[in-house]
Amino acid sequence: MVLTPPETAAARLRAASPVIDALGDAWIVGGAVRDAMLGLPAGKDLDVVDPVDGVARARELHRLLGGVLTVHDRFGTATVTVDGWSVDVATARAERYPRPGALPEVSVPAPLTEDLVRRDFTVNAIALRPDGEVLAFPGALDDLLTRRLTVLHPSSFRDDPTRLYRLARYEARLGFGVDHETEGLAREAFAAGAPATAGAARIGNEVLLLLAEEPEVAIRGLELLRSLGADGLEVDRELLRRAGALLPDGLPHGPLLLAAVCGGVPDGWHVENPGPVLDAARDPAGLAAEMRAAVKPSDLHRVLRGRTAEAAALAGAHGAEPQARSWFDDIRHVKLEIRGEDLVAAGIPPGPEIGAKLEEALRKRLDEGISGRDAELAAALAHVPR
Ligand code: ATP
């Protein structure tokens with residue numbers, strides 16, 4: 001395999017994004033360069049490093065291109081979003097870790113070579129200028145060519161253990177190998193309990209990024225993490241696959257995977273919408289048993305009432321696959337055409353009787369296949385709640 005020459009990579013990025021021509025002598029770094037040189041399609045994120053003043057560069061981009069400018073004063077960085085592109089701009093910086101796992105101390109501006117040294121893997125330590133000039137950490141282009149993930153120095157994982165999880169994400173997504181020494185360092189870092197020094201929230205964010213990848217990629221990355229010694233991840237490939245296959249199209253797999261792999265939301269992790277994770281993690285084997293015990297469609301409807309798709313899918317994978325399928329395909333979205341008001345209009349006094357009658361109409365709809373407003377109304381009115 002060959003790498004796309006830097007001039008061609010720059011030209012492709014220029015063709016893909018209006019931002020590139022406005023960058024002047026700033027450098028594109030990280031994933032966009034890596035992917036362009038691999039010949040992969042451009043994403044919509046750019047990381048840019050300005051040799052002198054990242055915020056001033058971002059202001060200039062904003063002046064030239066419009067869009068929205070957000071300055072992160074605390075970090076001396078800025079983001080410009082324009083035409084669907086998100087451009088993070090920073091001043092070239094050097095970083096020093098005061099202690100393992102802590103956030104780094106930053107000095108700016110620093111030579112671009114220092115900015116590359118602070119990065120996670122050599123393949124992400126390549127800078128490309130719009131004119132095609134390239135500056136790479138020693139060995140980076142060779143690693144990119146041979147598809148290999150290599151840390152930049154032996155204390156990399158100790159300094160920042162989130163890189164252990166980034167390693168898994170890149171290995172799985174890009175299908176790269178892991179450099180032999182890097183693999184040894186990752187094992188040592190896990191064995192020494194390095195993740196604990198970074199704090200749960202930061203580790204959690206990286207795991208969530210992995211879980212947000214395509215399901216097969218996420219599973220592969222999780223397996224790598226397990227094999228390197230990561231704690232707290234239960235990875236049963238077959239179970240995860242079965243559960244994922246049950247989940248309706250269009251739903252993200254992340255919450256389901258998190259429930260299955262971590263048994264819920266680990267302490268300190270920030271999950272924006274924890275509901276589906278917590279619901280799916282609530283005794284999936286027990287729910288599967290209840291689903292199997294359901295004799296009629298209305299039983300299954302009752303068992304899964306108020307439960308999320310994630311819960312049904314995970315329970316399905318725990319031995320209730322036909323029941324989960326039937327719920328997703330035939331039961332989940334069944335709704336009565338009549339409502340409580342219809343029964344009140346037919347002379348039933350408001351109160352618990354209404355609910356019982358609607359329940360009976362739904363039962364007949366699910367178990368006996370009645371359909372249409374009139375049939376539902378007749379079923380509800382014929383029912384005498386006990
Ligand atoms: P992706 O394709 O997943 O977006 P990316 O390389 O663009 O990959 P980002 O998380 O956007 O990933 O990070 C941009 C760049 O910043 C990385 O390529 C890497 O050089 C650097 N970086 C990010 N996180 C770290 C870290 N924890 N340690 C060192 N460098 C990092």
Side-chain angles (χ1 to χ4, degrees), residues 9 13 16-17 19 26-50 54 72 75 77 79-81 85-97 100-106 110 112-128 134-137 139-141 143-144 147 149-176 182 185-186 189 194-195 197-199 201-214 217-218 221 254:
L13 282 170
S17 167
V19 177
W27 298 81
I28 313 155
V29 290
V33 178
R34 179 196 70 218
D35 292 348
M37 294 190 76
L38 288 170
L40 298 174
K44 286 281 192 176
D45 289 332
L46 285 178
D47 287 293
V48 168
V49 169
D50 187 273
H72 315 286
F75 302 104
T77 59
T79 304
V80 181
T81 45
W85 287 78
S86 173
V87 189
D88 286 329
V89 193
T91 311
R93 60 172 61 183
E95 288 181 348
R96 209 192 120 262
Y97 287 84
L103 290 176
E105 291 168 0
V106 173
L112 185 69
T113 46
E114 291 284 321
D115 193 281
L116 293 182
V117 168
R118 74 182 175 88
R119 292 178 184 271
D120 48 3
F121 305 105
T122 58
V123 295
N124 286 340
I126 304 172
L128 179 69
V134 79
L135 190 73
F137 184 85
L141 294 174
D143 280 345
L144 192 59
R147 273 80 173 142
L149 293 161
T150 309
V151 283
L152 276 64
H153 52 85
S155 56
S156 182
F157 291 129
R158 214 177 325 131
D159 285 347
D160 181 352
T162 65
R163 294 172 184 160
L164 293 160
Y165 299 83
R166 297 177 65 84
L167 177 79
R169 178 154 59 91
Y170 292 126
E171 190 265 0
R173 190 211 307 151
L174 299 169
F176 279 22
T182 296
L185 292 167
T197 64
R202 288 175 60 215
I203 298 294
N205 286 342
E206 287 296 339
V207 177
L208 295 175
L209 284 178
L210 173 62
L211 299 183
E213 295 278 350
E214 287 298 311
V217 169

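Quantities reported herein were computed from a predicted structural model and do not represent experimental measurements. Along the sequence shown, the residues carry numbers beginning at 1. Read the numbers this way: they start at 1 and go in the same order the structure lists the ligands and their atoms.
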Do [X] and [Y] make a side-chain contact, defined as non-hydrogen atoms from C-beta onward lying under 4.5 Å apart?
X      : Y      : value
Val49  : Leu112 : yes
Phe121 : Arg166 : yes
Asp115 : Trp27  : no

Closest non-hydrogen protein atom to [atom], residue and atom name please, with distance?
atom                    : value
atom 5 (P) of ligand 1  : Tyr170 OH, 3.5 Å
atom 16 (O) of ligand 1 : Arg119 NH1, 3.3 Å
atom 13 (O) of ligand 1 : Arg166 NH2, 3.4 Å
atom 4 (O) of ligand 1  : Arg173 NH2, 4.6 Å
atom 28 (N) of ligand 1 : Arg163 NE, 2.8 Å
atom 27 (N) of ligand 1 : Asp160 OD2, 2.8 Å

Treating [X] as the side-chain partner and [Y] as the backbone partner, does any N or O pair qualify as donor plus acceptor under 3.5 Å?
X      : Y      : answer
Arg169 : Tyr165 : no
Arg202 : Gly101 : yes
Thr77  : Ala90  : no
Thr197 : Ala194 : yes

- When only distance counts, is Asp45 in polar contact with ligand 1, meaning an N/O pair under 3.5 Å? no
- N/O of Asn124 under 3.5 Å from N/O of ligand 1, yes or no? yes
Between [X] and [Y], what is the shortest heavy-atom contact and its length?
X      : Y      : value
Pro195 : Leu164 : CG-CD1, 4.2 Å
Ala218 : Leu211 : CB-CA, 4.0 Å
Ile126 : Leu116 : N-CD2, 4.1 Å

Below a 4.0 angstrom heavy-atom separation, can you tell me which part of [X], side chain or backbone, both or neither, approaches ligand 1?
X      : result
Asp47  : side chain
Asp120 : both
Arg118 : backbone

Proximal ligand 1 atoms for [X], defined as those under 4.0 Å from one of its heavy atoms:
X      : value
Gly31  : 5 (P), 6 (O), 7 (O), 18 (O)
Gly30  : 18 (O)
Thr162 : 27 (N)
Arg169 : 3 (O)

